[in-house]
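Here is the naming used below: chain letters follow the sequence lines, and residue numbers restart at 1 for every chain. The figures here come from the full heavy-atom set of this structure, side chains too, leaving out hydrogens, waters and symmetry mates.
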There are 2 protein chains.
Amino acid sequence: MNSASDLAALAALLADETRAAMCLALLDGRAWTAGELAIQTGVARSTATEHLHRLIDGGLLVERRQGRHRYVQLAGPSVANLLEDLSARLEPRQAPARGLRAAAVSAALRRGRTCYDHLAGRLGVAVTDAMTGAGLLDQTGGFALTAAGLAWLTGPVGLDPDVLRFGKRPLARGCLDWTERRQHLAGVAGARLCEKFFDNSWVVRIGSGRAVRLTLNGKAALRDLLGVPDID
Amino acid sequence: MNSASDLAALAALLADETRAAMCLALLDGRAWTAGELAIQTGVARSTATEHLHRLIDGGLLVERRQGRHRYVQLAGPSVANLLEDLSARLEPRQAPARGLRAAAVSAALRRGRTCYDHLAGRLGVAVTDAMTGAGLLDQTGGFALTAAGLAWLTGPVGLDPDVLRFGKRPLARGCLDWTERRQHLAGVAGARLCEKFFDNSWVVRIGSGRAVRLTLNGKAALRDLLGVPDID
DNA sequence: ATCTCATTTCGGCGGGTACCGAACGGTCGC
DNA sequence: GCGACCGTTCGGTACCCGCCGAAATGAGAT
């Protein structure tokens, strides 16, 4: 009805620990089956079904049915964005427990990972910092790709200029990194750059999680493109 | 405990219609008493007290006790930011009902209003567009104040350069306008600029709400500073 | 001191919902 | 076709939480 009840309805979707855990798991950007999410969150399959219904009805998730499987996925970058913002708000309060938290999070995850569709962790922050230092990103007056940055992406990096023009999603956006407490590059540019990293095998996934590892090729590429001496 | 339960706890704060309405009312950036919020949301005072406790404990609100009154306020720009993002997510789904919504929202509110601590509505969007057109803001590669924009704020506009350097809050940030469906300027620059508008009586509040009206002085200032012909 | 008024605490009621297990319905592989 | 597997539907239970009114608290005002 009114705007308050809409806001409450949206918040209610995430107000349950199981649904929240599902969304956080889906933050890796990939599609999960209903059963996988049931196991991940530790509830019965029937319970997971109900939760997924609500999340899909609420527009946070989309489904794709394939044979006897039902794959669900975040509905888009804006949902991932929202979840990141909410998670970021949690961090400051947990800051005092930094030592413990740092130990709880795997070293690989802190070193590098994907954050929905872009790079995060020390790797993501290092790339962002190097781009800023090279005048490709402007972080002093907000967060934006400079003209030089656009030229760099379409030139040396070799991205198609067309894929960088995409509707209303911003070209560059800062995303607060929850392990580094620093911003890293998100938005269309972040997503396409991440894609490029995978396509060129500059990074590879570690196991089945969202952690990634920089390859030797990747290190060389970062040196050539950004003058990054060595990460980690 | 884990990150999912923290996220759920945060979302639960907004998952109640009464608490959501309180937060939306507080989005005007001002401090309200507990009683005022009880009336605004239509619940008993005792109920309002309980809700405010939860919102304060959760870190979304801060209180300031003054005599027998208890004033509450949003805990800061980051909370306002979060509420804006959540509200923005609601809009696309309500877009089809645009005609009806437009009628329901007062014309004054659509013309100009405050959004926590910066300008919004047609006025806010017009200022943002004029700044972008003049090369003071960069919206093509994200959302950032340009060097020229910084010089403009500290020069012609007359802002103190020191107040523009403030901790981790970004200098410029885009905030989605829920009546105009366009971005307007937020962040430190947006807040200080809005302050200037009030200090110079370029805008004045209409009644007790969050709607504002551009004065004759304000129109002249916009013409001089940004070459804006006439708004509305 | 006494009155007034904003706010808070407490007990209790009622509704919403997360959860599970069991039964059911598709889909795939043999 | 038959078993194995994934997902869904359907009771039924337990619990949480929002709500109110009445009584209590605390800070001005007279």
Query raised in the report: Counting only distance, no hydrogens or angles, is the base of D:dG21 paired donor-acceptor with the side chain of B:Ser46 under 3.5 Å?
Result: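 It does, because a donor-acceptor pair links the side chain of B:Ser46 to the base of D:dG21 below 3.5 Å.
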Rounding to a whole Å, what distance do you find between [X]:[atom1] and [N]:[atom2]?
| X | N | atom1 | atom2 | result |
| --- | --- | --- | --- | --- |
| A:Arg45 | C:dA23 | CZ | C1' | 13 Å |
| B:Leu55 | C:dT8 | CG | P | 13 Å |
| B:Arg54 | D:dC19 | CZ | P | 11 Å |
| A:His51 | C:dT17 | NE2 | P | 12 Å |
| A:Ile39 | D:dC5 | CD1 | P | 13 Å |
| B:Leu52 | C:dT9 | CG | P | 12 Å |

Quick one: does [X]'s side chain get under 4.5 Å of [Y]'s, heavy atoms only?
| X | Y | value |
| --- | --- | --- |
| A:Val212 | A:Trp202 | no |
| A:Arg89 | B:Ser78 | yes |
| A:Leu60 | A:Leu10 | yes |

Report task. Mind running a 4.0 Å heavy-atom check of residues 9-22 of chain B against DNA chain D and sending the residues that fall below it, in number order? Result ->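 When residues 9-22 of chain B is checked for heavy atoms under 4.0 Å from DNA chain D, the hits, listed by number, are B:Asp16, B:Thr18, B:Arg19.
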Query raised in the report: Looking at DNA chain D, which of residues 61-73 of chain A put a heavy atom within less than 4.0 Å of it?
Result: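 Within residues 61-73 of chain A, the residues near DNA chain D are A:Arg65, A:Arg68, A:His69, A:Arg70.
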Check this for me, if you would: do [X] and [Y] make a salt bridge, where the nitrogen-to-carboxylate-oxygen distance has to be below 4.0 angstrom?
| X | Y | value |
| --- | --- | --- |
| A:Asp177 | A:Arg113 | yes |
| B:Glu63 | B:Arg65 | yes |
| B:Asp117 | B:Arg169 | yes |
| A:Glu36 | A:Arg45 | no |

Query raised in the report: Which residue, B:Glu50 or A:Thr47, contacts DNA chain D at a nucleotide closer to its 5' end, judged by nearest heavy atom?
Result: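 So the residue in question is A:Thr47.
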Requested in this report: Have a look at B:Arg173 and tell me which of B:His184, B:Glu84, B:His118 forms a side chain to side chain donor-acceptor pair (under 3.5 Å) with it.
Outcome: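 By the side chain to side chain donor-acceptor pair (under 3.5 Å) criterion, B:Arg173 pairs with just one of B:His184, B:Glu84, B:His118: B:Glu84.
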Query raised in the report: Side chains of B:Thr215 and B:Asn217: is there a donor and an acceptor less than 3.5 Å apart?
Result: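 Side chains of B:Thr215 and B:Asn217: no pair found under 3.5 Å.
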